[in-house]
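Following: one structure in structure tokens, then a few remarks.
Just so it is clear, the values below take in all heavy atoms, side chains as well, and ignore hydrogens, waters and symmetry mates.
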Amino acid sequence: MAGIMRIEDWHKPESFLASAEAVVTTNVLGPIRLIAAFIQHLQTQPDATIVTVSSGLAFAPLKVTPSYNASKAAIHMLSESIRLQLADTTVKVVELEPPAVRTSLLPGQENSEYAMPLDEFVAEVVALLESQPDAKEIQVERVKFLRYGEARGDYDQVVETLNASEPHGKWFRPAPAAGGSLTGRWSRHDVGKTVKRHLRVVVEKQRAG
């Protein structure tokens, strides 16, 4: 239960409404409907697990993907809520919280230096599932910067750092064609260095404080 991600401009309804409806339908109603289809069967099993997929963006918003952020925040709270309801059953609820990963969630993300390599993400997740069988949330190290900003007290810095690089909004821009006109092609920004620079500033401030 992963979902779709869309870049949106919320200044005018025509530039976000259809996208927002699609994101909410897929990312929120999709998992709800899937759980509804299997929940009775799962409760008859001696040991069952529902794995939901939220995101680091459920805890720190990327400004160019409002609906995606909101949908993943909804999945986080849904996971928390149904875990409480199903506590008297054999069904566990585990929430997977990925950072940006090199997948085709957005065009070009598979090659982004900002995103975590997919094989590394999968390996770390599998290792966590094996070593933490009772974990309620599965978090690779990379996502903890976003996940715990509020708890650490540096939420504003986390949001600023995330959006200063705008990984999904600035990874790509139209590449000039011959003669200077813009085509539909996209060129990638080297935002990995930008993010690392901002992260170093945050860490240094934490150490100094």
*Knowing that exactly one of Glu95, Glu97, Glu137, Arg147 qualifies, which makes a side-chain hydrogen bond (donor to acceptor under 3.5 Å, both in side chains) with Ser54?*
Glu95
*Less than 4.5 Å apart, any side-chain heavy atom of Pro98 and any of Val53?*
yes
*Do you know which two heavy atoms are closest between Ala20 and Trp10, and how far apart they sit?*
CB-CZ2, 4.2 Å
*If you look at every heavy atom in Ala115 and Arg102, which pair is closest and at what distance?*
O-NE, 3.0 Å
*Is there a side-chain contact between Leu57 and Lys72, using heavy atoms and a 4.5 Å cut-off?*
no
*When you look at Met5 and Val23, which way does the side-chain contact (heavy atoms from CB on, under 4.5 Å) test go after all the steps?*
CA-CA 7 Å; Met5 186 177 195; Val23 169; over 6 Å; no
*Calculate, to the nearest 0.5 Å, the distance between atoms CD1 and CG belonging to Ile32 and Asn27 respectively.*
11.0 Å
*Are Ile39 and Val28 co-members of a hydrophobic cluster defined by side-chain heavy atoms under 4.5 Å apart?*
yes
*About how many Å separate OG of Ser15 and CD1 of Ile7, when rounded to the nearest 0.5 Å?*
12.5 Å
*State, with a plain yes or no, whether a side-chain heavy atom of Ser81 is found less than 4.5 Å away from one of Met77.*
yes
*Please check if Val122 and Val94 belong to a single hydrophobic cluster, counting links between Ile, Leu, Val, Met, Phe, Trp and Tyr side chain heavy atoms closer than 4.5 Å.*
yes
_Nearest non-hydrogen partners of Ala60 and Val159, listed with the distance_ = CB-CG2, 4.3 Å
*Inter-residue atom distance Ile4.CD1 - Ser19.OG, 0.5 Å rounding*: 7.0 Å
*Does CD in Glu14 sit with more than 12 non-hydrogen atoms of other residues, nucleotides or ligands closer than 6.0 Å?*
yes
*Any idea how His76 and Phe59 line up, ring-wise: parallel (<30°), tilted (30 to 60°), or perpendicular (>60°)?*
perpendicular
*In terms of hydrophobic clustering (I, L, V, M, F, W, Y; side-chain heavy atoms under 4.5 Å; direct or indirect links), are Leu78 and Phe38 co-clustered?*
yes
*Name the one of Leu86, Leu42, Asp47, Ile50 that satisfies side-chain contact (heavy atoms from CB on, under 4.5 Å) with Lys92?*
Asp47
*Side-chain contact test, heavy atoms from C-beta onward, threshold under 4.5 Å: evaluate it for Leu106 versus Tyr68 and give yes or no.*
no
*Less than 4.5 Å apart, any side-chain heavy atom of Phe145 and any of Gln157?*
no
*Can you see which heavy atom on Thr25 is nearest to which on Glu21, and at what distance?*
OG1-O, 2.7 Å
*asked:* Let me confirm one number: the CD-CG distance from Glu80 to Leu84, rounded to the nearest 0.5 Å.
replied: 7.0 Å
*Determine whether more than 12 heavy atoms belonging to other residues, nucleotides or ligands lie under 6.0 Å from atom CD of Gln45.*
yes
_Quick check against the 3.5 Å criterion: does Asn163 have a side-chain atom that pairs as donor or acceptor with the backbone of Pro61?_
yes
*Leu62, Phe16: one ILVMFWY side-chain cluster at the under-4.5 Å cut-off?*
no
*Where do Thr103 and Gln109 come nearest, in terms of heavy atoms and distance?*
O-CB, 3.2 Å
*Can you find a pair of side-chain heavy atoms, one from Gln139 and one from Leu146, that are under 4.5 Å apart?*
no
*Mind checking whether Val93 and Lys136 have side chains closer than 4.5 Å, heavy atoms only?*
no
*Give the cluster check for Ile35 versus Ile75: same hydrophobic cluster or not, with ILVMFWY residues linked at side-chain heavy-atom distances below 4.5 Å.*
yes
*Which heavy atom of Glu110 sits nearest a heavy atom of Ser104, and at what distance?*
CG-N, 3.6 Å
